[in-house]
Amino acid sequence: MFSQLEMERAFLGGLLVSNGSGTSLVDAGDFTMPAHRAALAAIVEHGCDAPGFSAHVGTGGASLYAGLLADSCTRDNIRPFGEMLRRQRQLRDIRAAAIALAERSGSSLADPAELAREAIERFRSLEPIAGNDTLGGLKSIGEVMAMADLMGVAPEVRTLIPELDHHAHISGGTLNIIAARPGGGKSAMMLDWSVSAARQGHQVLFFSLEMTLKDVRHRLWAMFPSGPTAVAELPLFIQEPFAKRPTVGHLVAFSAEFCRAMRDRPTLVVVDYAQIVAPNRYWQTRRDQVGEVVRELKGMAMSLDVPVLAGAQLSRSVEQRGPNARPQLSDLKEAGELEEVSDLVCLLHRPRMDSTEVMLNIAKNRHGPGHFTSRLTFQPDRARFVPAANESEDRTW
(Lines give C-alpha, C1' and ligand atoms only; values in the text may rest on other atoms or scores of the structure.)
Protein backbone atom coordinates (compact mmCIF):
# COMPACT_ATOMS: atom_id res chain seq x y z
CA MET A 1 0.00 0.00 0.00
CA PHE A 2 1.21 3.48 -0.89
CA SER A 3 0.61 6.62 1.12
CA GLN A 4 -1.04 9.61 -0.55
CA LEU A 5 2.29 11.46 -0.61
CA GLU A 6 4.07 8.49 -2.22
CA MET A 7 1.39 8.16 -4.91
CA GLU A 8 1.57 11.85 -5.77
CA ARG A 9 5.37 11.89 -6.01
CA ALA A 10 5.51 8.65 -8.02
CA PHE A 11 2.96 9.94 -10.53
CA LEU A 12 4.58 13.36 -10.97
CA GLY A 13 7.98 11.73 -11.34
CA GLY A 14 6.48 9.42 -13.95
CA LEU A 15 5.25 12.46 -15.89
CA LEU A 16 8.79 13.85 -15.90
CA VAL A 17 10.40 10.63 -17.18
CA SER A 18 7.68 10.26 -19.85
CA ASN A 19 7.97 13.86 -21.08
CA GLY A 20 4.56 14.84 -19.75
CA SER A 21 2.59 11.94 -21.23
CA GLY A 22 -0.34 11.27 -18.89
CA THR A 23 -1.21 14.76 -17.65
CA SER A 24 -4.80 14.26 -18.85
CA LEU A 25 -5.29 11.47 -16.30
CA VAL A 26 -5.48 13.88 -13.35
CA ASP A 27 -6.16 17.47 -12.38
CA ALA A 28 -4.95 19.69 -9.55
CA GLY A 29 -7.71 18.55 -7.19
CA ASP A 30 -6.28 15.03 -7.13
CA PHE A 31 -3.23 16.30 -5.20
CA THR A 32 -3.21 17.19 -1.51
CA MET A 33 0.16 18.99 -1.37
CA PRO A 34 0.29 22.59 -2.71
CA ALA A 35 3.81 21.97 -4.02
CA HIS A 36 2.55 18.99 -6.01
CA ARG A 37 -0.28 21.04 -7.53
CA ALA A 38 2.31 23.60 -8.57
CA ALA A 39 4.48 20.83 -10.01
CA LEU A 40 1.58 19.55 -12.12
CA ALA A 41 0.87 23.06 -13.41
CA ALA A 42 4.57 23.51 -14.26
CA ILE A 43 4.62 20.27 -16.25
CA VAL A 44 1.45 21.19 -18.14
CA GLU A 45 2.62 24.73 -18.97
CA HIS A 46 6.37 24.29 -19.40
CA GLY A 47 6.78 20.60 -20.18
CA CYS A 48 9.50 18.67 -18.39
CA ASP A 49 12.26 21.19 -18.85
CA ALA A 50 14.12 21.55 -15.55
CA PRO A 51 14.74 25.33 -15.73
CA GLY A 52 11.13 26.06 -16.71
CA PHE A 53 9.83 23.75 -13.98
CA SER A 54 12.03 25.40 -11.33
CA ALA A 55 11.08 28.91 -12.42
CA HIS A 56 7.36 28.12 -12.27
CA VAL A 57 7.48 26.41 -8.88
CA GLY A 58 9.78 29.01 -7.36
CA THR A 59 11.81 28.45 -4.20
CA GLY A 60 12.76 24.81 -3.86
CA GLY A 61 11.77 23.99 -7.44
CA ALA A 62 15.12 22.45 -8.35
CA SER A 63 15.19 20.15 -5.31
CA LEU A 64 11.54 19.17 -5.89
CA TYR A 65 12.35 18.32 -9.53
CA ALA A 66 15.23 16.08 -8.47
CA GLY A 67 13.19 14.43 -5.72
CA LEU A 68 10.30 13.62 -8.06
CA LEU A 69 12.67 12.01 -10.53
CA ALA A 70 14.13 9.88 -7.71
CA ASP A 71 10.64 8.73 -6.59
CA SER A 72 9.12 8.31 -10.04
CA CYS A 73 7.15 5.29 -11.20
CA THR A 74 7.86 3.69 -14.57
CA ARG A 75 6.21 4.78 -17.80
CA ASP A 76 3.99 1.68 -17.77
CA ASN A 77 2.72 2.49 -14.28
CA ILE A 78 1.66 6.11 -14.86
CA ARG A 79 -1.95 5.15 -15.61
CA PRO A 80 -2.37 2.89 -12.52
CA PHE A 81 -0.97 5.62 -10.27
CA GLY A 82 -3.24 8.18 -11.92
CA GLU A 83 -6.24 5.94 -11.28
CA MET A 84 -5.23 5.54 -7.63
CA LEU A 85 -5.03 9.32 -7.24
CA ARG A 86 -8.51 9.77 -8.74
CA ARG A 87 -9.88 7.04 -6.48
CA GLN A 88 -8.36 8.60 -3.36
CA ARG A 89 -9.84 11.97 -4.30
CA GLN A 90 -13.28 10.45 -4.60
CA LEU A 91 -12.90 8.75 -1.22
CA ARG A 92 -11.88 12.11 0.32
CA ASP A 93 -14.98 13.72 -1.20
CA ILE A 94 -17.17 10.93 0.18
CA ARG A 95 -15.67 11.30 3.66
CA ALA A 96 -16.11 15.07 3.59
CA ALA A 97 -19.75 14.76 2.51
CA ALA A 98 -20.44 12.11 5.15
CA ILE A 99 -18.84 14.18 7.92
CA ALA A 100 -20.83 17.28 6.93
CA LEU A 101 -24.10 15.32 6.96
CA ALA A 102 -23.20 13.66 10.27
CA GLU A 103 -22.56 17.04 11.89
CA ARG A 104 -25.89 18.41 10.66
CA SER A 105 -27.73 15.30 11.88
CA GLY A 106 -26.50 16.02 15.42
CA SER A 107 -28.83 18.98 15.70
CA SER A 108 -32.19 18.34 17.36
CA LEU A 109 -33.76 20.70 14.80
CA ALA A 110 -32.49 18.74 11.79
CA ASP A 111 -35.14 17.54 9.34
CA PRO A 112 -34.48 13.86 8.45
CA ALA A 113 -36.27 14.14 5.09
CA GLU A 114 -34.23 17.18 4.11
CA LEU A 115 -30.98 15.51 5.17
CA ALA A 116 -31.88 12.40 3.16
CA ARG A 117 -32.52 14.51 0.04
CA GLU A 118 -29.27 16.39 0.55
CA ALA A 119 -27.37 13.12 1.00
CA ILE A 120 -28.74 11.80 -2.29
CA GLU A 121 -27.77 15.00 -4.12
CA ARG A 122 -24.30 15.16 -2.56
CA PHE A 123 -23.37 11.60 -3.42
CA ARG A 124 -25.03 11.72 -6.82
CA SER A 125 -22.86 14.72 -7.71
CA LEU A 126 -19.64 12.83 -7.00
CA GLU A 127 -17.82 12.04 -10.23
CA PRO A 128 -17.63 8.28 -10.94
CA ILE A 129 -14.12 6.86 -10.82
CA ALA A 130 -14.29 5.60 -14.36
CA GLY A 131 -16.21 8.61 -15.69
CA ASN A 132 -18.24 7.82 -18.78
CA ASP A 133 -15.53 5.63 -20.26
CA THR A 134 -17.11 2.21 -20.74
CA LEU A 135 -13.64 0.78 -21.36
CA GLY A 136 -12.22 2.23 -18.15
CA GLY A 137 -11.36 -1.18 -16.70
CA LEU A 138 -9.68 -2.49 -19.85
CA LYS A 139 -6.00 -3.38 -19.35
CA SER A 140 -3.44 -4.51 -21.87
CA ILE A 141 -1.29 -7.52 -21.07
CA GLY A 142 1.67 -5.14 -20.72
CA GLU A 143 -0.17 -3.20 -18.00
CA VAL A 144 -1.13 -6.44 -16.25
CA MET A 145 2.48 -7.65 -16.25
CA ALA A 146 3.67 -4.25 -14.98
CA MET A 147 1.47 -4.55 -11.88
CA ALA A 148 4.04 -6.87 -10.29
CA ASP A 149 6.55 -4.01 -10.42
CA LEU A 150 3.98 -1.54 -9.13
CA MET A 151 2.66 -3.44 -6.13
CA GLY A 152 5.46 -5.89 -5.42
CA VAL A 153 5.03 -9.61 -4.80
CA ALA A 154 3.82 -10.35 -1.26
CA PRO A 155 5.03 -13.60 0.30
CA GLU A 156 2.58 -16.43 0.81
CA VAL A 157 1.39 -17.56 4.23
CA ARG A 158 2.78 -20.96 5.15
CA THR A 159 0.64 -23.14 7.41
CA LEU A 160 3.49 -25.61 8.10
CA ILE A 161 1.23 -28.42 6.86
CA PRO A 162 3.39 -29.83 4.03
CA GLU A 163 0.65 -30.94 1.60
CA LEU A 164 -1.26 -27.69 2.01
CA ASP A 165 1.78 -25.45 1.61
CA HIS A 166 2.82 -27.38 -1.49
CA HIS A 167 -0.54 -27.31 -3.30
CA ALA A 168 -2.30 -24.18 -1.98
CA HIS A 169 -1.32 -20.52 -2.24
CA ILE A 170 -2.55 -18.33 0.62
CA SER A 171 -1.48 -15.00 -0.85
CA GLY A 172 -2.72 -11.49 -1.54
CA GLY A 173 -6.23 -11.27 -2.99
CA THR A 174 -7.36 -14.71 -1.81
CA LEU A 175 -10.23 -15.63 0.50
CA ASN A 176 -9.46 -18.78 2.47
CA ILE A 177 -12.07 -20.65 4.52
CA ILE A 178 -11.65 -23.06 7.44
CA ALA A 179 -14.97 -24.75 8.17
CA ALA A 180 -15.99 -27.18 10.90
CA ARG A 181 -18.88 -28.17 13.12
CA PRO A 182 -19.16 -26.24 16.41
CA GLY A 183 -16.34 -27.39 18.67
CA GLY A 184 -14.49 -28.89 15.72
CA GLY A 185 -11.41 -26.70 16.11
CA LYS A 186 -11.74 -23.99 13.44
CA SER A 187 -10.93 -21.16 15.88
CA ALA A 188 -7.91 -23.04 17.21
CA MET A 189 -6.66 -23.70 13.67
CA MET A 190 -7.12 -20.07 12.61
CA LEU A 191 -5.15 -18.90 15.64
CA ASP A 192 -2.52 -21.58 14.95
CA TRP A 193 -2.09 -20.38 11.35
CA SER A 194 -2.09 -16.75 12.51
CA VAL A 195 0.82 -17.43 14.85
CA SER A 196 2.67 -19.24 12.06
CA ALA A 197 2.14 -16.27 9.72
CA ALA A 198 3.30 -13.81 12.37
CA ARG A 199 6.46 -15.82 12.93
CA GLN A 200 7.11 -15.74 9.17
CA GLY A 201 7.06 -11.93 9.11
CA HIS A 202 3.41 -11.19 8.36
CA GLN A 203 1.52 -8.79 10.56
CA VAL A 204 -1.80 -10.38 11.47
CA LEU A 205 -5.07 -8.55 12.12
CA PHE A 206 -7.26 -11.05 14.00
CA PHE A 207 -10.95 -10.19 14.42
CA SER A 208 -11.94 -12.25 17.44
CA LEU A 209 -15.72 -12.33 17.08
CA GLU A 210 -16.28 -15.64 18.87
CA MET A 211 -13.56 -15.72 21.54
CA THR A 212 -12.94 -13.10 24.20
CA LEU A 213 -9.50 -11.61 24.61
CA LYS A 214 -9.15 -13.75 27.72
CA ASP A 215 -9.81 -16.89 25.65
CA VAL A 216 -7.25 -15.83 23.05
CA ARG A 217 -4.67 -15.13 25.73
CA HIS A 218 -5.13 -18.59 27.29
CA ARG A 219 -4.70 -20.29 23.92
CA LEU A 220 -1.61 -18.27 23.08
CA TRP A 221 -0.20 -19.06 26.50
CA ALA A 222 -0.69 -22.77 25.77
CA MET A 223 1.11 -22.42 22.43
CA PHE A 224 4.12 -20.82 24.09
CA PRO A 225 4.78 -22.59 27.40
CA SER A 226 8.12 -20.79 27.66
CA GLY A 227 6.29 -17.65 28.77
CA PRO A 228 4.51 -14.51 27.54
CA THR A 229 7.62 -12.82 26.16
CA ALA A 230 7.62 -14.87 22.96
CA VAL A 231 3.94 -14.05 22.40
CA ALA A 232 4.33 -10.33 23.06
CA GLU A 233 7.00 -9.98 20.39
CA LEU A 234 4.75 -11.32 17.60
CA PRO A 235 3.16 -8.82 15.14
CA LEU A 236 -0.26 -10.25 16.02
CA PHE A 237 -3.02 -7.71 16.65
CA ILE A 238 -6.30 -8.86 18.20
CA GLN A 239 -9.42 -6.80 17.58
CA GLU A 240 -12.21 -7.77 19.94
CA PRO A 241 -15.79 -7.13 18.81
CA PHE A 242 -16.65 -3.40 18.66
CA ALA A 243 -20.31 -4.45 18.33
CA LYS A 244 -22.27 -7.54 19.27
CA ARG A 245 -22.54 -8.38 15.58
CA PRO A 246 -20.36 -6.01 13.54
CA THR A 247 -21.19 -5.31 9.92
CA VAL A 248 -18.83 -6.38 7.19
CA GLY A 249 -18.48 -2.71 6.22
CA HIS A 250 -16.94 -1.97 9.63
CA LEU A 251 -14.48 -4.85 9.23
CA VAL A 252 -13.47 -3.70 5.74
CA ALA A 253 -12.99 -0.08 6.81
CA PHE A 254 -10.98 -1.10 9.88
CA SER A 255 -8.80 -3.44 7.81
CA ALA A 256 -8.15 -0.76 5.19
CA GLU A 257 -7.06 1.73 7.84
CA PHE A 258 -4.87 -0.93 9.49
CA CYS A 259 -3.14 -1.74 6.18
CA ARG A 260 -2.64 1.95 5.47
CA ALA A 261 -1.11 2.67 8.87
CA MET A 262 0.93 -0.56 9.05
CA ARG A 263 2.20 -0.83 5.48
CA ASP A 264 5.77 -1.74 6.38
CA ARG A 265 5.17 -5.51 6.06
CA PRO A 266 2.69 -7.96 4.47
CA THR A 267 -0.64 -8.41 6.25
CA LEU A 268 -2.95 -11.34 6.95
CA VAL A 269 -6.56 -10.55 7.96
CA VAL A 270 -8.36 -13.24 10.00
CA VAL A 271 -12.11 -13.24 10.71
CA ASP A 272 -13.38 -15.65 13.36
CA TYR A 273 -15.90 -16.36 11.91
CA ALA A 274 -17.78 -15.27 8.74
CA GLN A 275 -21.35 -16.21 9.72
CA ILE A 276 -21.19 -13.99 12.81
CA VAL A 277 -20.57 -10.90 10.68
CA ALA A 278 -23.66 -8.89 9.73
CA PRO A 279 -24.32 -7.69 6.17
CA ASN A 280 -24.38 -3.98 5.38
CA ARG A 281 -28.09 -4.03 4.58
CA TYR A 282 -31.15 -6.15 5.20
CA TRP A 283 -31.63 -9.38 3.26
CA GLN A 284 -34.63 -11.67 3.55
CA THR A 285 -32.69 -14.94 3.81
CA ARG A 286 -29.62 -16.00 5.77
CA ARG A 287 -28.13 -17.36 2.56
CA ASP A 288 -28.23 -13.88 1.01
CA GLN A 289 -26.90 -12.27 4.19
CA VAL A 290 -23.89 -14.58 4.34
CA GLY A 291 -23.45 -14.15 0.59
CA GLU A 292 -22.96 -10.39 0.93
CA VAL A 293 -20.48 -10.86 3.77
CA VAL A 294 -18.43 -13.34 1.76
CA ARG A 295 -18.43 -11.12 -1.35
CA GLU A 296 -17.27 -8.14 0.71
CA LEU A 297 -14.47 -10.16 2.33
CA LYS A 298 -13.29 -11.34 -1.08
CA GLY A 299 -13.48 -7.78 -2.41
CA MET A 300 -11.43 -6.58 0.55
CA ALA A 301 -8.78 -9.22 -0.11
CA MET A 302 -8.48 -8.09 -3.72
CA SER A 303 -8.58 -4.32 -3.11
CA LEU A 304 -6.07 -4.41 -0.24
CA ASP A 305 -4.02 -7.20 -1.88
CA VAL A 306 -3.96 -9.22 1.35
CA PRO A 307 -4.92 -12.83 2.12
CA VAL A 308 -8.09 -13.14 4.19
CA LEU A 309 -8.64 -16.18 6.40
CA ALA A 310 -12.20 -16.69 7.65
CA GLY A 311 -13.90 -19.38 9.67
CA ALA A 312 -17.25 -20.92 8.77
CA GLN A 313 -19.63 -23.43 10.28
CA LEU A 314 -20.74 -26.71 8.76
CA SER A 315 -24.38 -27.75 8.92
CA ARG A 316 -25.75 -30.83 10.70
CA SER A 317 -26.17 -32.68 7.40
CA VAL A 318 -22.70 -34.22 7.71
CA GLU A 319 -23.71 -35.85 11.02
CA GLN A 320 -26.97 -37.11 9.56
CA ARG A 321 -25.14 -39.13 6.90
CA GLY A 322 -23.63 -41.46 9.47
CA PRO A 323 -20.56 -41.76 11.74
CA ASN A 324 -18.13 -42.38 8.86
CA ALA A 325 -19.32 -39.51 6.65
CA ARG A 326 -16.89 -36.76 5.72
CA PRO A 327 -17.91 -33.12 5.15
CA GLN A 328 -18.22 -31.70 1.66
CA LEU A 329 -18.73 -28.25 0.12
CA SER A 330 -22.51 -28.53 0.23
CA ASP A 331 -22.32 -28.94 4.02
CA LEU A 332 -21.25 -25.32 4.46
CA LYS A 333 -23.94 -23.63 6.52
CA GLU A 334 -25.75 -20.99 4.45
CA ALA A 335 -23.45 -22.08 1.60
CA GLY A 336 -23.93 -20.57 -1.87
CA GLU A 337 -21.42 -17.72 -2.08
CA LEU A 338 -19.08 -19.48 0.36
CA GLU A 339 -18.57 -22.20 -2.24
CA GLU A 340 -18.35 -19.90 -5.25
CA VAL A 341 -16.30 -16.92 -4.07
CA SER A 342 -13.68 -18.59 -1.86
CA ASP A 343 -10.27 -19.49 -3.27
CA LEU A 344 -9.48 -22.19 -0.70
CA VAL A 345 -11.93 -24.18 1.42
CA CYS A 346 -10.58 -26.44 4.16
CA LEU A 347 -13.09 -28.71 5.91
CA LEU A 348 -12.00 -29.77 9.37
CA HIS A 349 -13.36 -33.11 10.54
CA ARG A 350 -12.87 -35.26 13.62
CA PRO A 351 -13.87 -38.90 13.07
CA ARG A 352 -14.42 -39.12 16.84
CA MET A 353 -14.84 -36.06 19.05
CA ASP A 354 -12.95 -37.79 21.89
CA SER A 355 -9.93 -38.39 19.62
CA THR A 356 -7.03 -36.11 18.74
CA GLU A 357 -7.06 -37.36 15.13
CA VAL A 358 -8.18 -34.64 12.70
CA MET A 359 -8.79 -34.82 8.96
CA LEU A 360 -8.27 -31.62 6.94
CA ASN A 361 -10.12 -32.05 3.66
CA ILE A 362 -9.23 -29.54 0.92
CA ALA A 363 -12.61 -29.31 -0.82
CA LYS A 364 -11.76 -26.40 -3.11
CA ASN A 365 -8.42 -24.99 -4.25
CA ARG A 366 -8.68 -22.36 -6.98
CA HIS A 367 -4.91 -22.13 -7.47
CA GLY A 368 -4.01 -25.82 -7.33
CA PRO A 369 -5.39 -29.35 -7.02
CA GLY A 370 -8.33 -29.84 -4.71
CA HIS A 371 -9.97 -32.84 -3.08
CA PHE A 372 -7.01 -34.07 -1.06
CA THR A 373 -6.79 -34.74 2.66
CA SER A 374 -4.13 -34.12 5.29
CA ARG A 375 -4.11 -36.20 8.45
CA LEU A 376 -3.36 -34.05 11.48
CA THR A 377 -3.04 -34.56 15.20
CA PHE A 378 -4.45 -31.98 17.59
CA GLN A 379 -2.29 -31.29 20.64
CA PRO A 380 -4.83 -30.01 23.20
CA ASP A 381 -2.18 -29.09 25.75
CA ARG A 382 -0.64 -26.65 23.23
CA ALA A 383 -3.76 -25.85 21.18
CA ARG A 384 -1.94 -26.72 17.97
CA PHE A 385 -2.27 -28.97 14.93
CA VAL A 386 0.66 -31.00 13.63
CA PRO A 387 0.92 -33.43 10.69
CA ALA A 388 0.15 -36.92 11.96
CA ALA A 389 3.34 -38.30 10.41
CA ASN A 390 5.44 -35.73 12.28
CA GLU A 391 3.59 -35.64 15.58
CA SER A 392 6.80 -35.67 17.60
CA GLU A 393 8.33 -32.75 15.68
CA ASP A 394 8.06 -29.17 16.90
CA ARG A 395 7.22 -27.64 13.47
CA THR A 396 10.06 -25.10 13.77
CA TRP A 397 8.69 -23.29 16.86
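Quick caveat, the model's predicted, so the values are computed rather than measured.
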I want to check something: taking the side chain as every heavy atom from C-beta on, are [X] and [Y] in contact at a cut-off of under 4.5 Å?
| X | Y | answer |
| --- | --- | --- |
| Lys186 | Gln313 | yes |
| Leu304 | Ser255 | yes |
| Leu85 | Gln4 | yes |
| Leu344 | Thr174 | no |
| Ile161 | Trp193 | yes |
| Gln88 | Arg92 | yes |

Looking only at non-hydrogen atoms, find the nearest pair between [X] and [Y] and report the distance.
| X | Y | value |
| --- | --- | --- |
| Arg181 | Leu314 | NH1-O, 2.7 Å |
| Ser194 | Val270 | OG-CG2, 3.3 Å |
| Ser72 | Gly14 | CB-N, 3.5 Å |
| Pro279 | Glu292 | CB-OE1, 3.0 Å |
| Val57 | Ala38 | CG2-O, 4.2 Å |
| Val341 | Arg366 | O-NH2, 2.9 Å |

Please list, chain by chain and in numerical order, all residues satisfying side-chain contact (heavy atoms from CB on, under 4.5 Å) with Ala197, sequence neighbours excluded.
Val157, His202, Val204, Leu268
Does Leu25 have any side-chain contact (heavy atoms from CB on, under 4.5 Å) partners at least two apart in sequence or in another chain, and if so, which?
Phe11, Ile78, Arg79
Under the criterion side-chain contact (heavy atoms from CB on, under 4.5 Å), I'd like the reasoning laid out for Glu156 against Ile170: C-alpha separation, chi angles, the key distance, then a yes or no.
CA-CA 5 Å; Glu156 296 181 359; Ile170 304 177; 5.7 Å; no
So how far is it from [X] [atom1] to [Y] [atom2], rounded to the nearest 0.5 Å?
| X | Y | atom1 | atom2 | result |
| --- | --- | --- | --- | --- |
| His218 | Leu213 | NE2 | CG | 11.5 Å |
| Arg199 | Arg158 | CZ | CZ | 12.0 Å |
| Met84 | Glu8 | CE | CD | 11.5 Å |
| Met359 | Leu376 | CE | CG | 8.5 Å |
| Leu64 | Leu12 | CG | CG | 8.0 Å |
| Ser374 | His166 | OG | NE2 | 11.5 Å |

Applying salt bridge (charged side-chain N to carboxylate O under 4.0 Å, His left out), name anything that partners Asp30, two or more places apart in sequence or on another chain.
Arg86, Arg89
Applying salt bridge (charged side-chain N to carboxylate O under 4.0 Å, His left out) to Glu257 and not counting sequence neighbours gives Arg260
Among Ile, Leu, Val, Met, Phe, Trp and Tyr joined by side-chain contacts under 4.5 Å, find the other residues sharing a cluster with Leu5 and list them by chain and number.
Met33
Any donor and acceptor pair, going by atom type alone, linking the side chain of Asp165 with main-chain N or O of Leu160 inside 3.5 Å?
yes
Can you tell me if Asp343 uses its side chain to pair, donor with acceptor, with the backbone of Leu175 under 3.5 Å?
yes
How far apart are the C-alpha atoms of Val293 and Gln289, what are their side-chain angles, what is the distance that settles it, and do they pass the side-chain contact (heavy atoms from CB on, under 4.5 Å) test?
CA-CA 7 Å; Val293 171; Gln289 293 175 17; 6.0 Å; no
Kindly state each residue pair satisfying ring-ring contact (aromatic ring centres under 6.0 Å, His included) with at least one member in residues 356-377, sequence neighbours excluded.
His167-Phe372
Please identify which of these residues, Asp272, Asp192, Asp215, meets the side chain to side chain donor-acceptor pair (under 3.5 Å) condition with Ser187.
Asp272
Would you check, one step at a time, whether the test side-chain contact (heavy atoms from CB on, under 4.5 Å) holds for Ile178 with Asn176?
CA-CA 7 Å; Ile178 298 178; Asn176 309 274; over 6 Å; no
Under a plain distance cut-off of 3.5 Å, with no hydrogens placed, do Arg87 and Gln90 share a side-chain donor-acceptor pair?
no
Leu251: which of Val269, Val271, Val308 passes side chain to side chain contact (heavy atoms under 4.5 Å, CB included):
Val271
